[in-house]
Amino acid sequence: MAKAVRLDKFLADAGKGTRSEVKKFIQKGQVQVNGTPAKKPELKVDPDKDEVIFAGEMVSAAPEFVYYLLNKPAGCVSATEDRNDRTVMEYVPSDRKGLFPVGRLDKDTEGLLLITDDGMLAHELLAPGKHVDKTYFVRVEGKLTVEKIEKLENGVDIGEKNLTMPAKAEIVGGSWEGAGEPEPGRVRRENLPEVYTELHLTIHEGKFHQVKRMMTAVGTPVIYLKRIAMGSLTLPDDLKKGDCRPLTDDEVRELRRW
């Protein structure tokens, strides 16, 4: 039998917003409990017995786990808390306890970041032996030659005991003839060097600063980095930087199959 909880906590845990946001919804009369408009956020509801309607739709009890897809902007750190910097958790529209980012993106790196409280799934995605694909849009200084691509795809020395695992590199744009057309609308383009290359790089590990170290190792240092895919998840073009949305049930199922 479920324990009765405050209405605002029930709605927040169900993913309808933060506690402060759902309190405003209640005050505006957008929430009904058993057919009657709720007036107080502290009203106790029993998830097993009471019918809660929000914005015309029935709200089910909070799921065991929740999953959010964040388009991480630069300037924030991939941590649950930090004394000096803004964290990625400040972009998540939920006060649910136990949420954490799955893996890390550097402070200046943008793109796809999974936020969840599902520790088992996080372990499956991050375990070194699983070799989950992670694809990045990378802009580097200089020309990425065929020889350098071969090095990336065969493994490079980044100062550790072993070479990096074989990667997949695909040139998608650049400033030199034969580089291809730059991807429209993907990333900012100010202050570019005279010669640069844009590529999609897929790796299967998660070493510290790995992409940056790999590109430096082949003589083309990174000037912009954005993760665009992880496992079965891809970053939607219409998800703006700093925006965060729940994963769909299909996305969660596909991610579990990876």
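By convention here, the first residue in the shown sequence is residue 1.
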Between Asn34 and Asp50, is any side-chain donor less than 3.5 angstrom from a side-chain acceptor?
yes
Could you check whether atom NE2 of His123 has more than 12 heavy atoms from other residues, nucleotides or ligands sitting under 6.0 Å from it?
no
Less than 3.5 Å apart, which donor and acceptor atoms pair up between the side chains of residues 59-69 and the rest of the protein, not counting sequence neighbours?
residue : atom : partner : partner atom : Å
Tyr67   : OH   : Asp118  : OD2          : 2.6
Tyr67   : OH   : Arg256  : NH2          : 2.5

How close do [X] and [Y] get, heavy atom to heavy atom, and via which atoms?
{"X": "Met230", "Y": "Val102", "result": "CE-CG1, 4.2 Å"}
{"X": "Ala79", "Y": "Arg104", "result": "CB-NH1, 4.2 Å"}
{"X": "Pro236", "Y": "Arg245", "result": "CG-NH2, 3.7 Å"}
{"X": "Thr202", "Y": "His204", "result": "CG2-CE1, 4.1 Å"}
{"X": "Pro193", "Y": "Ile223", "result": "CD-CD1, 3.5 Å"}
{"X": "Val222", "Y": "Lys212", "result": "CG2-CA, 3.9 Å"}

Indicate, with yes or no, if [Y] and [X] share a hydrophobic cluster defined by side-chain heavy-atom contacts under 4.5 Å among Ile, Leu, Val, Met, Phe, Trp and Tyr.
{"X": "Leu239", "Y": "Val252", "value": "yes"}
{"X": "Met165", "Y": "Ile158", "value": "no"}
{"X": "Leu247", "Y": "Leu125", "value": "yes"}
{"X": "Phe25", "Y": "Val33", "value": "yes"}
{"X": "Val140", "Y": "Leu105", "value": "yes"}

Could you walk me through whether Thr220 and Lys148 pass the side-chain contact (heavy atoms from CB on, under 4.5 Å) check?
CA-CA 9 Å; Thr220 51; Lys148 292 179 179 181; 3.6 Å; yes
Test item: [X] side-chain N/O and [Y] main-chain N/O as donor-acceptor pair under 3.5 Å:
{"X": "Thr234", "Y": "Ala229", "answer": "no"}
{"X": "Glu57", "Y": "Phe54", "answer": "no"}
{"X": "Glu251", "Y": "Thr248", "answer": "yes"}
{"X": "Lys226", "Y": "Lys72", "answer": "no"}
{"X": "Asp106", "Y": "Asp108", "answer": "no"}

What's the spacing between [X] [atom1] and [Y] [atom2] if we round to 0.5 Å?
{"X": "Ile149", "Y": "Asn154", "atom1": "CD1", "atom2": "CG", "result": "11.5 Å"}
{"X": "Glu141", "Y": "Glu194", "atom1": "CD", "atom2": "CD", "result": "10.5 Å"}
{"X": "Thr135", "Y": "Leu112", "atom1": "OG1", "atom2": "CG", "result": "10.0 Å"}
{"X": "Glu51", "Y": "Asp46", "atom1": "CD", "atom2": "CG", "result": "13.5 Å"}
{"X": "Ile203", "Y": "Asp133", "atom1": "CD1", "atom2": "CG", "result": "9.5 Å"}
{"X": "Thr116", "Y": "Leu99", "atom1": "OG1", "atom2": "CG", "result": "7.0 Å"}

Taking the side chain as every heavy atom from C-beta outward, state whether [X] and [Y] have any atom pair closer than 4.5 Å.
{"X": "Thr197", "Y": "Ile171", "result": "yes"}
{"X": "Ile53", "Y": "Val31", "result": "no"}
{"X": "Val218", "Y": "Glu147", "result": "no"}
{"X": "Arg213", "Y": "Phe208", "result": "yes"}
{"X": "Thr87", "Y": "Thr80", "result": "no"}
{"X": "Cys76", "Y": "Glu90", "result": "no"}
{"X": "Cys244", "Y": "Asn71", "result": "no"}
{"X": "Pro101", "Y": "Met89", "result": "yes"}

Do [Y] and [X] meet the salt-bridge criterion of a basic N to acidic O distance under 4.0 Å?
{"X": "Lys134", "Y": "Glu205", "result": "no"}
{"X": "Glu198", "Y": "Arg139", "result": "yes"}
{"X": "Glu21", "Y": "Lys24", "result": "no"}

Look at the aromatic rings of His200 and Phe137 and report parallel, tilted or perpendicular, splitting at 30° and 60°.
perpendicular
Sequence neighbours excluded - side chain to side chain donor-acceptor pair (under 3.5 Å) pairs with any residue from residues 162-173
none
Listed by chain and number, what are the side chain to side chain contact (heavy atoms under 4.5 Å, CB included) partners of Lys39, not counting sequence neighbours?
none
Tell me, please, which residues at least two apart from Glu81 pass side chain to side chain contact (heavy atoms under 4.5 Å, CB included).
none
Less than 3.5 Å apart, which donor and acceptor atoms pair up between the side chains of residues 7-17 and the rest of the protein, not counting sequence neighbours?
residue : atom : partner : partner atom : Å
Asp8    : OD1  : Arg6    : NE           : 3.0
Asp8    : OD2  : Arg6    : NH2          : 3.0
Asp8    : OD2  : Arg19   : NE           : 3.2
Lys9    : NZ   : Asp13   : OD2          : 2.6

What's the verdict on salt bridge (Lys or Arg N to Asp or Glu O under 4.0 Å) for Asp117 and Lys97, showing C-alpha distance, side-chain angles and the deciding distance?
CA-CA 8 Å; Asp117 51 1; Lys97 295 181 179 179; over 6 Å; no
With sequence neighbours excluded, what pairs up with Phe100 under the ring-ring contact (aromatic ring centres under 6.0 Å, His included) test?
none
Check step by step if salt bridge (Lys or Arg N to Asp or Glu O under 4.0 Å) holds for Glu110 and Arg227.
CA-CA 6 Å; Glu110 301 177 358; Arg227 185 157 67 188; over 6 Å; no
